[in-house]
Amino acid sequence: MHNIKTVKCPKCGAVVSVEKILSQKIKEELDSEYNARRTRDEKELSRKVDAIKKKNAELELARKEIDSVISESVKKERKTLEVRLRREAENASRLEIEELKGQLETAGKKIEVAHKAELEIRKRARDLEMREHELEIEAERKLDALKTDLEKQISARVQVEHSLRLAEKDHQLDSMRLQIEDLKRRAEQGSQQVQGEVLELEMETVLRAKFPNDEIEPVAKGQRGGDIVHRIITSSGAIAGTILWESKRTRSFSETWIDKLKSDQRECQAEIAVIVSQALPKGFKYLTYMDGVWLADLSSYSALAMALRQQLLQIHVAKVTSVFANDKAERLFGYLTGTQFRQRVEAMTECYLLMKSDLDKERAGAHRRWAKQEKQLESVLSNTVSMYGDLQGILGSSSLPEMPLLSIPEAISADS
């Protein structure tokens, strides 16, 4: 795939900048126009310079003729003038001087005219240089304007294609959303008993996978005692404690579940009772502790199980090593059912959930980056095709080499 600003020569393989080609062509046209105009101006200037030179030659010839006439006249009439000067020295001298002054003034005016013409020629030469500089600036401006127009056209095409693709994606998303809603409605119409059994089986699978050494036993149907009895087994094979699990998969939470599970807890002599529910009491998220029973949602019960199991193991070790006396056993029971124990379990569970949330976000971010890169690749291909079409419109189809990948829509759609 070529860059959108370059074209590869099919003969020599050289990569040529499209912008450079357009700039060279426009510059050549402006240079041609400028050279033609400059040639006309130079011819006109040369003609005027020749005319001025001719006038200067005529003036020089006239001055030489005047000097010759004056010299000849002076020679012929020298003697006569000597006599006349003697008689009319003052008058003759004055008249002759005035006449010579008039002739000199006439010659001076002609020379002044020639100087003015030369100044005019120099001024026009400077004007030509300034005009040449202005033409270069004008050429650069035209090139910039053409480049801006091309960028606007390409941007407009990209925006139209992007809008169409977004509309297509929105249509697909709407269709998928309707299908998902239909599937949800069908799923919700199923038996809630089956849904509860599925959740119970999933919990058994998760707990057995996390704690393969513990005893995970489901409570038989129709028998009181919750859904799952979880006995924590130490490395020596002793039972460190029991957790009674109850699963609920309903849209709303009922406080009657707590009293019922506490009664079941007393019958099976479990240290801890937990309700895993799709719905929690209002104002609570993930998990909470209410009236001696732990409440957890579907995403956090496995983390809660790890925390509760660890606490029961620590309490069992303390009992076995006789660290606690009888009076401390009561404190131990108070600790197990107290706020500090609950806060520790909540802290461990929240830490687990935060780490899991960060992992999910990183995974979602990776998917978003892949989707973004795919869209960028599609945009690059679309812009390349648009640029090729613009060049064909400017230079003509015959001036560009045939590029099948940029000319056949089927190939483009297949690559996309």
Side-chain angles (χ1 to χ4, degrees), residues 196-248 257-258 260-277 286-287 289 292-353 355-356:
E197 291 176 356
V198 170
L199 176 58
E200 182 179 340
L201 292 173
E202 181 185 356
M203 289 175 58
E204 290 180 25
T205 303
V206 171
L207 293 174
R208 285 196 177 99
K210 282 186 174 293
F211 316 115
N213 296 325
D214 292 351
E215 294 180 0
I216 312 295
E217 296 179 357
V219 178
K221 297 300 178 183
Q223 181 179 348
R224 291 177 58 85
D227 292 330
I228 300 172
V229 177
H230 178 187
R231 296 183 180 90
I232 291 87
I233 307 301
T234 65
S235 58
S236 61
I239 299 177
T242 303
I243 302 175
L244 180 62
W245 297 88
E246 177 80 18
S247 62
K248 298 293 183 180
W257 299 344
I258 296 177
K260 190 261 185 187
L261 185 60
K262 288 171 70 175
S263 176
D264 294 340
Q265 178 186 4
R266 286 191 293 270
E267 288 186 10
C268 69
Q269 298 180 356
E271 282 80 5
I272 299 174
V274 183
I275 296 177
V276 178
S277 173
Y286 300 128
L287 58 87
Y289 187 76
V293 175
W294 283 96
L295 306 175
D297 65 1
L298 303 182
S299 64
S300 58
Y301 75 88
S302 60
L304 178 62
M306 294 176 63
L308 294 175
R309 184 178 185 276
Q310 185 63 29
Q311 294 295 328
L312 288 175
L313 285 173
Q314 292 178 359
I315 294 171
H316 175 74
V317 171
K319 288 180 178 179
V320 171
T321 55
S322 300
V323 174
F324 297 96
N326 292 332
D327 59 330
K328 292 185 177 179
E330 295 180 0
R331 293 172 57 190
L332 175 61
F333 179 77
Y335 170 75
L336 181 62
T337 59
T339 303
Q340 186 177 4
F341 175 75
R342 175 175 57 84
Q343 290 175 346
R344 288 184 181 275
V345 173
E346 288 178 347
M348 294 172 64
T349 307
E350 288 175 359
C351 182
Y352 169 84
L353 292 175
M355 295 176 66
K356 186 175 183 299

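Everything numeric in this text was worked out from a predicted model, so none of it was measured.
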(request) Examine distances only and state if a side-chain atom of Asp227 and a backbone atom of Glu200 form a donor-acceptor pair shorter than 3.5 Å. (result)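 Not a single qualifying donor-acceptor pair exists.
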(request) For Tyr286, look at atom OH and say whether over 12 heavy atoms of other residues, nucleotides or ligands are found less than 6.0 Å away. (result)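 Atom OH in Tyr286 is not crowded, with 12 or fewer foreign heavy atoms closer than 6.0 Å.
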Please report the interatomic distance [atom1]([X]) to [atom2]([Y]), rounded to the nearest 0.5 Å.
X	Y	atom1	atom2	answer
Lys210	Ile216	NZ	CD1	12.0 Å
Glu215	Leu207	CD	CG	13.5 Å
Glu267	Asp264	CD	CG	6.0 Å
Gln310	Ile315	CD	CD1	10.5 Å
Ser277	Leu298	OG	CG	7.5 Å
Arg309	Ile272	CZ	CD1	12.0 Å

(message) Using a strict threshold of under 4.0 Å (side-chain N to carboxylate O), is an ion pair present between Asp214 and Arg208?
(response)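 No, Arg208 and Asp214 are not salt-bridged.
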Partners meeting side-chain contact (heavy atoms from CB on, under 4.5 Å) with [X] (sequence neighbours left out):
X	answer
Ser236	Thr234, Ala238
Ala296	Leu287, Ser300, Tyr301, Leu304
Ala270	Thr242, Leu244, Gln265, Cys268

Report yes if some heavy atom in the side chain of [X] is under 4.5 Å from a heavy atom in the side chain of [Y]; otherwise report no.
X	Y	result
Glu217	His230	no
Ile239	Ile232	no
Asp297	Val276	no
Lys262	Val293	yes
Leu312	Glu271	yes
Leu295	Trp257	no
Ile228	Glu204	yes

